[in-house]
Amino acid sequence: MTTNRHPDIEIYIKNCSLSTITDWLKTRFDDVQVQPGGSLIHNITVSYQGKTLSLMIHEKAVGKTWTSVWFRSDSTPWEKDLDCAAEASEQLHTQVRCIANGWSEGDDPDEWWRIEAGSVEKIQWGTD
């Protein structure tokens, strides 16, 4: 059986503080360590099922509203970006967006999922 597990996971969270996001991560992972440094970009390591994973949180990644959370691993609890986005939206009570497909040639880079209050909708979102 072939899995379509994404090689990494990236979601965009609307109007959510760094501390609120890290509080959610602490409920999901065995250990969460925020590395000292950056004012808007934060490097974080988390432990999950005996593995250490790296992630980056970029506040104000798109405008003043959106924070990017990028898990640089395929060993996350989620198979796809949409799985992570749905959980984050439910836990953080806010809108979360993620790319509709992977980053494959021919995919529409402006096609995204918008997840909010249990609703999932495909939208066009130009992030440039």
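Starting from 1, each residue takes its place in the sequence as its number. Excluded from the calculations below are hydrogen atoms, water molecules and symmetry mates; all remaining heavy atoms, backbone and side chain alike, are included.
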Report task. Report the distance from atom NZ of Lys14 to atom CG of Leu92, rounding to the nearest 0.5 Å. Result ->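 Output value for this atom pair is 14.5 Å.
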
Query raised in the report: Going from OG on Ser75 to CG on Leu53, what distance comes out if it is rounded to the nearest 0.5 angstrom?
Result: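 If we round to the nearest 0.5 Å, Ser75:OG and Leu53:CG are 6.0 Å apart.
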
Query raised in the report: Ser17 and Thr20: side-chain donor and acceptor closer than 3.5 Å?
Result: yes

Requested in this report: Go through the side-chain N and O atoms of Gln95 and Ser89 and say whether any donor and acceptor fall under 3.5 Å apart.
Outcome: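 Their side chains do not contain a donor-acceptor pair, so the 3.5 Å distance test is not met.
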
Show me the side-chain donor-acceptor pairs of residues 22-34 shorter than 3.5 Å, one per line, residues at least two apart or across chains.
unit_1 : atom_1 : unit_2 : atom_2 : d
Thr22  : OG1    : Leu18  : O      : 3.1
Thr22  : OG1    : Ser19  : O      : 3.1
Trp24  : NE1    : Glu87  : OE2    : 3.4
Thr27  : OG1    : Trp24  : O      : 2.6
Arg28  : NE     : Glu87  : OE1    : 3.0
Arg28  : NE     : Glu87  : OE2    : 2.7
Arg28  : NH2    : Glu87  : OE1    : 3.2
Asp31  : OD1    : Gln33  : NE2    : 3.1
Asp31  : OD2    : Gln33  : NE2    : 3.3

Requested in this report: Any chance you could lay out the side-chain contact (heavy atoms from CB on, under 4.5 Å) test for Trp70 and Leu55, step after step, and finish with the verdict?
Outcome: CA-CA 5 Å; Trp70 176 31; Leu55 67 113; over 6 Å; no

Requested in this report: Could you tell me which non-hydrogen atom of Ile115 sits nearest to which non-hydrogen atom of Ala86, and how far apart they are?
Outcome: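 Between these two residues, the closest heavy atoms are CG2-CA, 3.9 Å.
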
Query raised in the report: How far apart are the C-alpha atoms of Cys84 and Phe71, what are their side-chain angles, what is the distance that settles it, and do they pass the side-chain contact (heavy atoms from CB on, under 4.5 Å) test?
Result: CA-CA 10 Å; Cys84 177; Phe71 296 86; 3.9 Å; yes

Heavy-atom side-chain contact between [X] and [Y] under 4.5 Å:
{"X": "Leu82", "Y": "Trp113", "value": "yes"}
{"X": "Ser68", "Y": "Glu10", "value": "yes"}
{"X": "Tyr48", "Y": "Thr76", "value": "no"}
{"X": "Ile13", "Y": "Ile11", "value": "yes"}

Query raised in the report: Counting only heavy atoms not in Lys122, do more than 12 fall under 6.0 Å of its NZ?
Result: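 For Lys122, atom NZ is crowded (more than 12 foreign heavy atoms under 6.0 Å).
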
Report task. Please check if the side chain of His6 supplies one atom and the backbone of Asp81 the other of a donor-acceptor pair under 3.5 Å. Result ->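 Flag set: sc His6 to bb Asp81 pair under 3.5 Å.
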
Query raised in the report: So Val46 and Thr52, side-chain contact (heavy atoms from CB on, under 4.5 Å) or not? Walk me through it.
Result: CA-CA 6 Å; Val46 297; Thr52 299; over 6 Å; no

Requested in this report: Give the other cluster members for Leu40, using side-chain heavy-atom distances under 4.5 Å between Ile, Leu, Val, Met, Phe, Trp and Tyr residues; answer none if it is isolated.
Outcome: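 Members alongside Leu40: none; it stands by itself.
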
Report task. Decide whether a cation-pi geometry holds between Arg97 and Trp125; the criteria are a distance under 6.0 Å from NZ or CZ to the six-membered ring centre and an angle within 45° of the ring axis. Result -> yes

**Report entry** Partners passing side-chain contact (heavy atoms from CB on, under 4.5 Å) against Ile41 (at least two apart in sequence or in another chain)
**Finding:** Met56, His58

**Report entry** Residues forming a side-chain contact (heavy atoms from CB on, under 4.5 Å) with Asn15, sequence neighbours excluded
**Finding:** Thr65

Requested in this report: Is it possible for you to say whether Trp66 and Ile44 belong to one hydrophobic cluster, with membership spreading through side-chain heavy-atom contacts below 4.5 Å?
Outcome: no

**Report entry** Joint cluster assignment, Tyr12 & Ile99, ILVMFWY side-chain distance < 4.5 Å
**Finding:**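 Hydrophobic grouping puts Tyr12 with Ile99.
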
Query raised in the report: Passes side-chain contact (heavy atoms from CB on, under 4.5 Å), Gln35 versus Thr45? Steps please.
Result: CA-CA 8 Å; Gln35 307 306 314; Thr45 55; 3.4 Å; yes

Report task. Quick one: list whatever passes salt bridge (charged side-chain N to carboxylate O under 4.0 Å, His left out) with Glu59, sequence neighbours left out. Result -> none

Query raised in the report: For Arg72, which residues count as a salt bridge (charged side-chain N to carboxylate O under 4.0 Å, His left out) partner, sequence neighbours excluded?
Result: none

Query - salt_bridge(Arg114, Glu121) N-O dist < 4.0 Å - result: yes

Query raised in the report: Thr94 and Glu116: side chain to side chain donor-acceptor pair (under 3.5 Å), yes or no, with the steps?
Result: CA-CA 6 Å; Thr94 191; Glu116 187 169 25; 5.6 Å; no

